[in-house]
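When a ligand or atom number is given, it counts from 1 through the structure's own listing order.
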Amino acid sequence: MDDASYCATPAPAGPQADAGPPFAECVLCREPTEYPESARGATLCPVCAWQEAGRSACSG
Ligand SMILES: [Zn+2]
């Protein structure tokens with residue numbers, strides 16, 4: 001009798017550990033931001049956001 005033991009290993013159905021979720025690029029320096037690509041409006045990286053905040057604060 002060929003009664004082989006059932007040793008099928010279930011494949012882990014977890015999310016692929018790739019590069020994480022797609023992040024939107026900074027519109028100024030094209031660095032990946034912390035916002036998802038589905039984020040609306042202009043996405044800025046922390047550096048550019050900080051600079052933009054300072055600029056808008058100066059120009060009013
Ligand atoms: Zn930037």
Scan the side chains in residues 28-42 for donor-acceptor partners under 3.5 Å anywhere in the protein, sequence neighbours excluded, and list what turns up.
{"from": "Arg30", "atom 1": "NH2", "to": "Glu25", "atom 2": "OE1", "distance (Å)": "2.9"}
{"from": "Thr33", "atom 1": "OG1", "to": "Ala24", "atom 2": "O", "distance (Å)": "2.8"}
{"from": "Thr33", "atom 1": "OG1", "to": "Tyr35", "atom 2": "N", "distance (Å)": "3.2"}

(message) Using 0.5 Å steps for rounding, measure from the CZ atom of Arg55 to the SG atom of Cys48.
(response) 9.0 Å

(request) Give every protein N, O or S atom lying under 2.8 Å from the Zn ion (ligand 1), naming each by residue and atom. (result) Cys26 SG, Cys29 SG, Cys45 SG, Cys48 SG

